[in-house]
Amino acid sequence: MTLTSTPAQTRRLATSIPGPRSRALMARTQGAVASGVATTLPVFAVRAGGGVVEDVDGNVLIDLGSGIAVTTVGASAPRVVEAVREQVAAFTHTCFMVTPYEGYVAVAEQLNRLTPGTHEKRSALFNSGAEAVENAVKIARTHTGRHAVVAFDHAYHGRTNLTMALTAKSMPYKHGFGPFAPEIYRAPLSYPYRDGLDGRTAAARAVEMIEKQVGLPAALIIEPVQGEGGFIVPAEGFLPALAEWCRINDVVFIADEVQTGFARTGAMFACEHEGVVPDLLVSAKGIAGGLPLSAVTGRAEIMNAAHAGGLGGTYGGNPIACAAALAAVETIEADGLIERARRIEQLMKDRLAGFQKAHRRIGEVRGRGAMIAVELVRPGTTEPDPGLAKALAAAAHSQGVIVLTCGTYGNVLRFLPPLSISDELLHDALDVLGSALNDAESARA
Ligand code: PLZ
């Protein structure tokens, strides 16, 4: 019996994008689904795996999105499929808080082993990234007895009330949805392309703001490479300086590795690139090969600060999601996917650097591993060009390449391929992007 039905690994356009079946499903969507839930690319998936997504009209699209950095091991990674099949047949749920099961414990052990630092750790499992971020804040508050939490410019931490407060960008994430949770403060980030500051100077600027305007917070939360905010890699030294300030002041340093975790950036966790050891690390997305699972992992004395019964949730650490996570971790390690992410970085940065030479519209090529982006600007300036990002994304979509945009200014085109993608597919997708850039240039000339 074949366990997966992964589509053939080549781009194929059978109809225009979206095709007639997708258009019909989109009409049904409009009649049934709340319009606040928007869609990047209205093609309806039937199968996905390797580096492609196949739609209801028989189009095969190259996947440079991974469902927003989730299917890092692939959308139908064989070990994940097998593990899920076995677990779903055994039992779907008991609730870990009622009658526990081994899978949850095994995932906690793996997280404690894989996250940075050799200290004694504990983990707790949840469902979504936002839910895990909320729990990290709960844990930091009960541990320190303080309330304030510092987040950064351009941050994205989720869509629940507390995580909306932590998230920077108003439209679309917060607009009209307040009032937001109190005691959240925002510090300036290191954004080398736009502030030109070295890491130490940018960290000193952030620390000064925190000390003058907040005092001592319970926690500082940061994405080691910012995701939705624009794939911003802080200047070298920024993260270590903040972590050091937290250590000296007994402030909990929370790394939000929801988007960057699990091999995505060419390390198991992005904190490793600068040897940063967070007190608490939040993971989700790539953790379970597409099944909903998230976690907070951290120093045992902090994680154990919450009273018994203080943490939990009906579905947190669902057994099927845990089985998937164990299989995803095995896949990352056995298939050398951290190395693969580094190779993808090299391939993409080489090609994109070539585009940058030819097009003055690319202000910066940046990112780590298979988390790469181009920031688009008006020629000869650093002025953001969100219109170009939108046009390039639309052109790529129409040619069967799934790309996403991001950034506070909406001018960043980002690439998050599954690590199971082939070099051939990456080159094909980049060829499409290169032509789209040429077309955009001549259209505006
Ligand atoms: N922290 C760093 O990237 C989710 C959001 C997409 P959830 N990012 C994708 C959207 O528009 O909703 C994310 C993240 C970081 C937290 C989260 C939140 O994770 O699983 O979406 O709750």
Side-chain angles (χ1 to χ4, degrees), residues 33-41 64-72 125-138 149 151-175 177 181 184 189 219-234 239 253-262 264-265 269-271 278 280-297 313 315-318 321 324-325 367-371 373 393 402-408 410 412 414-416:
V33 179
S35 57
V37 184
T39 301
T40 302
L41 175 52
L64 298 188
S66 299
I68 323 188
V70 171
T71 52
T72 306
L125 305 185
F126 305 97
N127 301 285
S128 67
E131 191 189 0
V133 168
E134 293 238 2
N135 277 281
V137 170
K138 280 164 67 172
V149 178
F152 285 80
D153 286 334
H154 312 286
Y156 184 90
H157 297 292
R159 293 176 182 268
T160 58
N161 188 262
L162 175 59
T163 59
M164 274 193 293
L166 293 168
T167 291
K169 192 173 179 177
S170 173
M171 189 58 102
Y173 307 122
K174 304 164 73 165
H175 179 84
F177 299 143
I184 305 296
L189 184 75
L220 190 152
I221 181 164
I222 190 161
E223 301 151 80
V225 176
Q226 271 195 336
E228 306 306 304
F231 280 29
I232 304 164
V233 184
L239 294 170
F253 183 90
I254 306 173
D256 180 343
E257 293 240 22
V258 167
Q259 190 152 166
T260 51
F262 289 95
R264 173 57 55 188
T265 68
F269 293 98
C271 279
L280 300 181
L281 185 148
V282 182
S283 54
K285 289 192 186 276
I287 191 175
L291 279 283
L293 185 71
S294 64
V296 183
T297 301
Y315 294 111
N318 167 272
R368 290 190 194 275
M371 183 172 182
I402 302 172
V403 295
L404 309 171
T405 59
C406 67
T408 297
V412 178
R414 60 168 155 169
F415 311 107
L416 290 161

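Remember, it's 1-based here, ligands and their atoms both numbered in the order they're listed. Small disclaimer: the values here were computed from a predicted structure and weren't measured.
- Of the protein's non-hydrogen atoms, the one nearest atom 6 (C) of ligand 1 is Ile68 CD1, 3.6 Å.
- For atom 16 (C) of ligand 1, the closest non-hydrogen atom on the protein side is His157 O, 3.4 Å.
- Tyr173 OH: more than 12 foreign heavy atoms inside a 6.0 Å radius.
- Atom 11 (O) of ligand 1 has as its closest protein heavy atom Arg159 NH2, 2.7 Å.
- Ranking the protein heavy atoms by distance from atom 1 (N) of ligand 1 puts Asp256 OD2, 2.7 Å first.
- Separating the CG atom in Leu64 from the CG atom in Leu404 is a distance of 8.5 Å, to the nearest 0.5 Å.
- In this structure, atom 22 (O) of ligand 1 lies nearest to the protein heavy atom Ala130 N, 2.8 Å.
- The distance from atom CD of Gln259 to atom CD1 of Ile68, rounded to the nearest 0.5 Å, is 7.5 Å.
- Between the side chains of Glu223 and Thr260, no donor N or O sits under 3.5 Å from an acceptor N or O.
- Across Phe126, Tyr156, Tyr173, heavy-atom proximity to atom 15 (C) of ligand 1 is greatest for Tyr156.
- In summary, the atoms of ligand 1 found under 4.0 Å from a heavy atom of Glu228, numbered by their order in the structure, are 8 (N), 9 (C).
- If you look at Phe415 and Phe231, their ring centroids are not closer than 6.0 Å.
- Looking only at heavy atoms of the protein, atom 3 (O) of ligand 1 is closest to Gln259 NE2, 2.8 Å.
- Screening Thr163, Asn161, Thr160 for a side-chain hydrogen bond (donor to acceptor under 3.5 Å, both in side chains) with Glu134, the sole residue that qualifies is Thr160.
- For the pair Cys406 and Gly227, the tightest heavy-atom approach, listed with the atom from each and the gap, is SG-O, 3.8 Å.
- When only modelled atom types and interatomic distance are considered, Thr167 and His157 share no side-chain donor-acceptor pair under 3.5 Å.
- Close approach to Glu223 involves these atoms of ligand 1, each under 4.0 Å from a residue heavy atom: 2 (C).
- Proximity of Ser128 to ligand 1 is established by a heavy-atom distance of less than 4.0 Å.
- Closest protein heavy atom to atom 9 (C) of ligand 1: Lys285 NZ, 3.0 Å.
- Looking only at heavy atoms of the protein, atom 20 (O) of ligand 1 is closest to Gly129 N, 2.8 Å.
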